[in-house]
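Naming: A, B, ... by sequence-line order, numbering from 1 per chain.
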Amino acid sequence: MIVTLPDGSRKEAKAGEHWRDFIVREIGQGLAKSALAVKINDAMKDVSSPVEEGSLVVVTASSPDGLDIIRHSASHIMADAVTQLFPGTKVTIGPAIENGFYYDFDSDHRFTAEDLERIEAKMAEIIKAKQPFARAELSADEAKRRFAELGETYKVEIIQDLGAPVVSLYTHGHFTDLCRGPHLPDTGFVKAHKILSVAGAYWRGDSKNKMLQRIYGTAFADKKSLDDHLHLLEEARERDHRKLGPELDLFTMTEDIGMGLALWTPKGGVIRTVIENFWRREHYRHGYEIVYTPHIGRSRLWETSGHLGFYKGNMYSPMDIDGEDYYVKPMNCPFHIEVYRRRKWSYREFPIRWAELGTVYRYELSGVLNGLKRVRGFTQDDAHIFCRLDQLHDEIARVIDFSLFILRAYDFEQFKVYLSTRPAKDFVGDVAVWDKAEAALDSALKASGLPYQINPGDGAFYGPKIDIAVADAIGREWQLSTIQVDFNLPERFDLTYVGSDNAEHRPIMIHRALMGSLERFFGVLIEHYKGAFPVWLSPVQVAVVPVSEKHLDIAEKLENRLKTHNIRVLVDRRNEKTGYKVREWVVAKTPYIIVVGDKESSLDTVSVRLRSGEQVDMTLAAFEEQLDRENRGGAYF
RNA sequence: GCUAGCGUAGCUCAAUUGGCAGAGCCACCGAUUUGUAAUCGGUAGGUUGCGGGUUCGAGUCCCAUCGCUAGCUCCA
């Protein structure tokens, strides 16, 4: 029996022996010890499973596959611990997930924070005992009988639904679970684990089913990786825009206004003003025109657009105006289309690019609302491009470039791009047009030089789309830009243009948003910058702290001088000690704090305190030059 | 929407088994004239989210409601 290793070497395996023995003999003791599982012909198997012919990859903790196995095994260990500590608990499913694992339990007992600690400790015992994971295969009927005897009704249901004649069970210690595997050689391979939280989850994710208790945990190959991960969680907590936003007085939400509706405070307003001005300036520069449209429209509009058919669940009830139903807009597109429909268009005028910071309202389930990241009222940095099919490639390429330009301005450096293609069924438009559009998106992406991933069948029913996600300062991914081709609305609204052949043709529409929504983008920015906005975005760029009342004159002189540079500068006139005032501006994450006293009477040099806490004396001229640069010339305020 | 947890002054938090709602910061007033992360003293601030109920007595227990937080298939 021939086994091919990743380096291409071919080894002889003895029929009947287990992978562990093979690895010890043919590869080495070291790898045998760190082997968590094997991947034979791309199928994951236990190290204790019999050898097979094919190409072998030994899975260790350093691979994502290995980490998944550690976590999956950890979820079994957790289920073991929970059933030991809380007899009568029914187990359901417990997969490895992106940053850990979970297991869903059905129990009359409500798991508390203290319970989680006990579970974690019990798991440590099981891990210390190095109990081997043993695989057994048996008939589905036999397995059903065994789980039924144990009262594990969910397992019986799962086996039923699987419909497979034979299923596999994994046992460690006295705990047996239905599982596809593979698993670690023994429980001791879980080197670091942590139980994180508990929350409700419906059986099979269906709200009609019973609510189970889902316990989340994570596991790693070593203590340091776990600690790093916990630090990341802590870091995320510190950056949380829901904490920083009100703390830095950037935005607020009130019970009286309603959930999911944000208020931008004056300081947040400064940031938004800069973001919007930058956006407007760059849109004009990039060949867009800006339009403004109202917040409501007659039901007839939304019938034509199809929103009342397929989007009604996200729209608010209509209001009656003179006996007519009007709807608050959940999207801007029908309005831009009406702008288009006001007259005839020639192919010579294409492409047409219309942008709007359009405020929309969408019903979202109360439970999914989340700070600024998921709200019910928000402003999209929306635009619609009307073009011909042959212009699609260039237009998409331009939008991608533009998107990256905008996002890079906010210090996002890493991007992930997703191309979603035609759904298998339930789509509008010709397949041939879809194919051409997808080819255009694909080649535009290739031209951008960005790596991208194709999500087959994930496109909207009306056209393929490109989504761009950024990685923030701590590596979390946020999908911001979306570029969607639309074959549907031009059809529904019977949009036309006159071609060179003097005949009428159907334009293609592109919907796109670069930041997504200003609210969500702001939330992401707060976390990305940890509230320490770069100078051009900072609400207060320079705080001038006079040492005493005697120095108010010189402070105001400095203030006026900086104002001529369009700098947002404030003099702290309060009757407090210097240290007190400095502290407050530091806490507010002000980029520059300048203390002025007797030493600065001439203002030739100023004493500048940087965010780092470093204090530098520099000439006023040099400081102004630096500010101008960092403030992008004050062009956006 | 559903499940669980949580709502005390603008903020951060106290308040024994049900037994007089309190502190610091912030704000305001006064003193102080200050040199790079908190000067001192005083004053004000509350129908304990809102509404019911149990009780001699409710921040505490019960019901309802509003809001916040976590989660609600990444399928054995």
Problem set entry | Partner nucleotide, any strand, of B:G51 [Watson-Crick/G-U, under 3.5 Å] | B:C63

Problem set entry | Pairwise P distance for B:A44 and B:C28, with rounding to whole Å | 16 Å

For this session: State whether the distance check finds a donor on one side and an acceptor on the other, under 3.5 Å, for side chain A:Gln213 versus base B:G71.
Result: no

For this session: Can you tell me, in whole Å, how much space there is between the P of B:G51 and that of B:C13?
Result: 25 Å

For this session: State which of B:A76, B:A37, B:G1 makes the closest approach to the side chain of A:Ile93.
Result: B:A76

Problem set entry | Atom-to-atom span, CZ of A:Arg574 to P of B:U39 - whole angstrom | 11 Å

Exercise. Counting just side-chain N and O atoms, does A:Arg242 come under 4.0 Å of either OP1 or OP2 of B:A70?
Worked result: yes

Exercise. B:C74 phosphate, OP1 or OP2: any side-chain N/O from A:Asn99 under 4.0 angstrom?
Worked result: no

Seminar exercise, completed: When both distances are under 3.5 Å in a Watson-Crick or G-U wobble arrangement, the nucleotide paired with B:C68 is B:G5

Problem set entry | Donor-acceptor side-chain pairing of A:Glu556 and A:Asn560 below 3.5 angstrom | no

Problem set entry | A:Glu527 with A:Arg237: basic N within carboxylate O range, under 4.0 Å | no

Exercise. Do we see a donor-acceptor contact under 3.5 Å between the side chains of A:Asp104 and A:Gln213?
Worked result: no

Seminar exercise, completed: Which of B:C2, B:U39, B:U36 is nearest the side chain of A:Met211? It is B:C2

Problem set entry | Check: A:Tyr103 ring centre within less than 6.0 Å of A:Phe101 ring centre | no

Problem set entry | Whole-Å C1' distance, B:U39 and B:G59 | 36 Å

Seminar exercise, completed: A:Val586 has its side chain closest, among B:A76, B:A4, B:A37, to B:A37

Exercise. When the C1' atoms of B:A38 and B:A15 are considered, how many whole Å apart are they?
Worked result: 27 Å

Exercise. Within this structure, what is the CH2-to-P distance between A:Trp203 and B:C2, rounded to whole angstrom?
Worked result: 23 Å

For this session: Among the candidates B:U36, B:A76, B:G67, find the nucleotide nearest to the side-chain atoms of A:Glu255.
Result: B:G67

Problem set entry | Separation of the P atoms in B:G24 and B:A14, to the nearest angstrom | 16 Å

Exercise. Under a 3.5 Å cut-off for both distances, is B:C74 Watson-Crick or wobble paired, and to whom?
Worked result: none

For this session: Determine the contact category for A:Gly579: base if any of its heavy atoms lies under 4.0 Å from a base atom, sugar-phosphate if only primed atoms, P, OP1 or OP2 are that close, otherwise nothing.
Result: sugar-phosphate

For this session: Please confirm whether any donor atom in the side chain of A:Tyr202 sits under 3.5 Å from an acceptor in the base of B:G71, or the reverse.
Result: no

Exercise. Which is true for A:Val198 with a 4.0 Å heavy-atom rule: it touches a base, it touches only sugar-phosphate, or it touches nothing?
Worked result: nothing

Problem set entry | No-hydrogen, no-angle side-chain donor-acceptor test under 3.5 Å, A:His183 and A:Asp46 | no

Exercise. Do A:Asp467 and A:Thr482 have a side chain donor and acceptor closer than 3.5 Å?
Worked result: yes

Problem set entry | A:Leu369 CG to B:G67 C1', straight-line distance once rounded to whole Å | 11 Å

Exercise. Which part of the nucleic acid does A:Glu576 contact within heavy-atom distance under 4.0 Å: base, sugar-phosphate only, or nothing?
Worked result: base

Exercise. Toward the 5' end of RNA chain B, which comes first, A:Asn370 or A:Tyr102, by nearest nucleotide?
Worked result: A:Asn370

Problem set entry | Selected nucleotide, minimal atom distance to A:Ala199 side chain, candidates B:G71, B:G1, B:U33 | B:G71

Exercise. Which is true for A:Asp206 with a 4.0 Å heavy-atom rule: it touches a base, it touches only sugar-phosphate, or it touches nothing?
Worked result: nothing

For this session: Using the P atoms only, state how far B:C6 lies from B:C63, rounded to an integer number of Å.
Result: 13 Å

For this session: Return no unless some side-chain N or O of A:Arg180 is found under 4.0 Å from OP1 or OP2 of B:A76.
Result: yes

Exercise. Looking for any heavy atom pair under 4.0 Å, which part of the strands does A:Arg204 touch: base, sugar-phosphate only, or nothing?
Worked result: base

Problem set entry | Which nucleotide in B:U36, B:C75, B:U33 has an atom nearest any side-chain atom of A:Ser548 | B:U33

For this session: Check the distance between B:C66's C1' and A:Met253's CE and give it to me in whole angstrom.
Result: 16 Å

For this session: Could you let me know what B:A14 is paired to, Watson-Crick or G-U wobble, both distances under 3.5 Å, or none if it's on its own?
Result: none

Exercise. How would you label the contact of A:Glu600 with the nucleic acid (heavy atoms, under 4.0 Å): base, sugar-phosphate, or nothing?
Worked result: base

Exercise. Under 4.0 angstrom, heavy atoms only, what part of the nucleic acid is A:Tyr580 near: base, sugar-phosphate, or nothing?
Worked result: sugar-phosphate

Exercise. Could you state the CG-P distance from A:Leu150 to B:A76, rounded to the nearest angstrom?
Worked result: 20 Å

Seminar exercise, completed: From the candidates B:A76, B:U39, B:A37, the one with an atom nearest any side-chain atom of A:Val582 is B:A37

Problem set entry | Flag for A:His551-A:Ser548: side-chain donor and acceptor within less than 3.5 Å | yes

Exercise. Does a side-chain N-to-carboxylate-O contact under 4.0 Å join A:Lys581 and A:Glu584?
Worked result: no

Exercise. Taking any strand in view, what nucleotide pairs with B:U33 in a Watson-Crick or G-U wobble way, both distances under 3.5 Å?
Worked result: none

Problem set entry | Nucleotide of B:C72, B:U36, B:U39 approaching A:Tyr216 most closely (side-chain heavy atoms) | B:C72

Exercise. Is A:Arg609 touching bases, backbone alone, or none of the nucleic acid, heavy atoms closer than 4.0 Å?
Worked result: base

For this session: Specify the residue among A:Ala201 and A:Lys155 whose closest nucleotide of RNA chain B lies further upstream toward the 5′ end.
Result: A:Ala201

Exercise. When the P atoms of B:U43 and B:G22 are considered, how many whole Å apart are they?
Worked result: 14 Å

Exercise. With a 4.0 Å cut-off on heavy atoms, is A:Lys599 in touch with a base, just the backbone sugar-phosphate, or nothing at all?
Worked result: base

Exercise. Between B:U48 and B:U60, how far is it from one P atom to the other, in whole Å?
Worked result: 9 Å

Problem set entry | Atom pair distance, as rounded to whole Å: CD1 in A:Ile215 and C1' in B:G71 | 13 Å

Exercise. CD of A:Glu584 versus C1' of B:U39: gap in Å, rounded?
Worked result: 14 Å

Problem set entry | Donor on one side chain, acceptor on other, A:Glu157 and A:Trp203, under 3.5 Å | yes

For this session: Examine A:Phe623 together with A:Tyr592 and report whether their ring centres are nearer than 6.0 Å.
Result: yes

Exercise. Under 4.0 angstrom, heavy atoms only, what part of the nucleic acid is A:Thr578 near: base, sugar-phosphate, or nothing?
Worked result: sugar-phosphate

Exercise. A:Arg214 side chain: which of B:U73, B:A4, B:U39 is closest?
Worked result: B:U73

Problem set entry | Interatomic distance, A:Lys208 NZ vs B:G1 P [rounded to whole Å] | 18 Å

